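Note sheet for the following structure.
Keep in mind the model is a prediction, meaning the values are calculated, not measured. Below, chain A is the first sequence line, B the second, and so on; all start at residue 1.
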There are 2 protein chains.
Amino acid sequence: MARLISLVEGGSPQLREVMAALAPLTGGAYVVGLTGSPGVGKSTTTSALVTAYRRTGRRVGVLAVDPSSPFSGGALLGDRVRMSEHASDPGVYIRSMATRGHLGGLAWAAPQAIRVLDAAGCDVVLVETVGVGQSEVEIAAQADTSVVLLAPGMGDGIQAAKAGILEIGDVYVVNKADRDGADATARELNHMLGLGEARAAGDWRPPIVRTVASRGEGVDDLLDALDKHRGWTEERGALAERRRARAAGEIENIAVTALRRRIGTLHGDARLSALAARVTDGTLDPYAAADELVAGLTEP
Amino acid sequence: MARLISLVEGGSPQLREVMAALAPLTGGAYVVGLTGSPGVGKSTTTSALVTAYRRTGRRVGVLAVDPSSPFSGGALLGDRVRMSEHASDPGVYIRSMATRGHLGGLAWAAPQAIRVLDAAGCDVVLVETVGVGQSEVEIAAQADTSVVLLAPGMGDGIQAAKAGILEIGDVYVVNKADRDGADATARELNHMLGLGEARAAGDWRPPIVRTVASRGEGVDDLLDALDKHRGWTEERGALAERRRARAAGEIENIAVTALRRRIGTLHGDARLSALAARVTDGTLDPYAAADELVAGLTEP
């Protein structure tokens, strides 16, 4: 499995065959996304959730998506180290993934890595996004259930709002709930989400769960909240719909990446460079140049 | 000009005609990108640079690129307010741009907005990216000269490295240089960039400029550094090469966006949804689905 995920990270051409072989094995895993600003305790919460899931006998995959630097390609954070308590448990699979370097990026790679963990027999896949950029938020939002974490006194309200984090939660967690300001954070969150307002009957009302993940406090409540959201989406057919939307996005990303690759091939034959030179000297506008490029793509 | 940039923000279909008309007027502007973590004083430095450029008689365009929330679409920061001292100067054009919502995003919109300011007769266009995500860094890196700002005591080293900021600077600024820790920040930067090491003759050695932008201190030094980098790139033909690479990226983004739009049209005729349903039930893998999608694209 580690080798398969390395193929995903590297954008290997072999993935086509691998995914064809895995397809019939997929669909069994429930995918939970976890996102939040650095310092809210995402890794600690993920690790505590793994413990709680294992207690119920479920096999757990963890995918820590780390955008890291677009230039160095390396992972800066030691998530694997922090998760070391689960290292010897054969029912737990933990992988970090840093993909910024290659064509298609996280939006392309993350669903395929989830697919590998799914096919390997994980009952639950926890996708922890280390960063808070646009693409990380999109990945977390694509889960069956999205968890947004906050912590008291981090002044992360505006940052979270900017990254679009606050809109995506199915379940919210105020971690480090033993610290000063936990009540204020929960209140502010409640207010920002409009949780006090009336909702249509049958609408999901995202719960706010308080945890002290480092001591395991509140983690069973979080598990309950996740299971409740799962039940709610399954009952209404919303889960199947979410998954179709996720698959559609995945197909689209693979298609666009393939088309980009063909453009890259045109790079090679200098057609794009020639168009670019005409744009810089003002004899061609970029739209007309793009038309010529696309015409070139669809030629045999 | 404000209306043209609104067309860019909104991804208007009229842009095709607009860009064709503007093409012969472009190529005169020198593009300077400014990036750095929130709080380092980007807007203040940009504003001080505008003052310095105006003193030399150059017409200046400012494009403040604000990713804001992918969901709300609105700008959260008041850059236009902070730049108000230039509001009555007819030689200064200031625009904020928030584009996260629409197809193609910042990578698609920013070069076209720069093109509008260029065609309007700006001698210099300052592109200030408000966020520090991947796409903002890419935009700043696409400038003729990229400026990376830091400030003492912000502990932003790791954050900056993660976002890939540190690799892109042609000129570095330690702003708020009157504060404690300015020496340490400059030293750390010098170390991280390997500025003390030997370089090949003719290689550009990025200078570290100290400023207190709020009082205008060091801003003339910054202007000198920018002009020196410009001279260096022009002499070596590196400027023309950068601009061709930028145009190539722009053409590619427009082409990919056009292809994505065609996929969106396929969404409409339910072809993608049908493929997605087959992927979720495991009867088709996402690569085979993408092949069918791309085949659909190139049919008339």
Side-chain angles (χ1 to χ4, degrees), chain A residues 15-16 19-20 22-27 67-72 76 100 111-112 131 133-135 137-138 158 161-164 167 240 243-245 247-248 250-252 254-256 258-260 263 267 272-273 275-277 279-290 293-294 297-298, chain B residues 15-16 19-20 22-27 67-71 76 100 111-112 115 131 133-135 137-138 158 161-164 167 240 243-245 247-248 250-252 254-256 258-260 263 267 272-273 275-277 279-290 293-294 297-298:
Chain A
L15 281 172
R16 169 176 287 273
M19 291 298 153
L22 295 186
L25 306 172
T26 58
S68 77
S69 162
F71 297 91
S72 76
L76 281 175
R100 267 287 155 77
Q112 299 192 61
Q134 167 75 356
S135 52
V137 169
E138 274 166 16
I158 290 237
K162 283 199 71 180
E167 289 91 341
R243 289 182 169 185
R244 274 197 300 275
E250 191 183 352
I251 296 167
E252 192 177 321
I254 291 174
V256 169
L259 291 166
R260 270 193 187 277
I263 291 176
H267 263 277
L272 181 53
S273 314
L275 290 170
V279 168
T280 52
D281 68 19
T283 56
L284 190 71
D285 72 89
Y287 283 89
L293 194 63
V294 170
L297 276 185
T298 54
Chain B
L15 281 173
R16 169 174 288 273
M19 291 299 154
L22 295 187
L25 306 173
T26 59
S68 76
S69 163
F71 296 91
L76 281 175
R100 268 284 155 80
Q112 300 192 60
R115 199 168 278 279
Q134 167 74 357
S135 53
V137 169
E138 275 168 13
I158 290 237
K162 282 201 70 179
E167 290 90 341
R243 288 182 170 185
R244 275 196 299 274
E250 190 182 353
I251 296 167
E252 192 177 322
I254 291 174
V256 170
L259 291 167
R260 269 194 188 275
I263 291 177
H267 264 277
L272 180 55
S273 314
L275 291 169
V279 168
T280 53
D281 67 21
T283 57
L284 190 72
D285 72 88
Y287 283 89
L293 194 64
V294 169
L297 276 184
T298 52

* Please say which of B:Glu252, B:Arg115, B:Arg16 ends up in a side-chain contact (heavy atoms from CB on, under 4.5 Å) with A:Pro286. =>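 Looking at B:Glu252, B:Arg115, B:Arg16, the match for A:Pro286 under the side-chain contact (heavy atoms from CB on, under 4.5 Å) is B:Arg115.
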
* Minimum heavy-atom distance B:Ala247-A:Ala276, with the two atoms named -> CB-O, 3.7 Å

* If you look at every heavy atom in B:Val279 and A:Ile251, which pair is closest and at what distance? ->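 Distance-wise, the nearest heavy atoms are CG2-CD1, 3.9 Å.
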
* To do: Against chain A, work out which of B:Ala240, B:Ala277, B:Pro111, B:Ala245 has the most heavy-atom pairs shorter than 4.5 Å and name it.
  =>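 Top option by heavy-atom pairs under 4.5 Å: B:Ala277.
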
* Structure fact -> Scored by heavy-atom pairs under 4.5 Å with chain A, the best of B:Gly27, B:Pro24, B:Ala258, B:Gly282 is B:Gly282

* About how many Å separate CZ of B:Arg244 and CG of A:Asp281, when rounded to the nearest 0.5 Å? -> 9.5 Å

* Nearest 0.5 Å please: distance from the CD atom of A:Glu250 over to the CG atom of B:Asp285. => 9.5 Å

* By a 4.5 Å heavy-atom criterion (distance strictly below it), what part of B:Leu284 contacts chain A: side chain, backbone, both, or neither? -> backbone

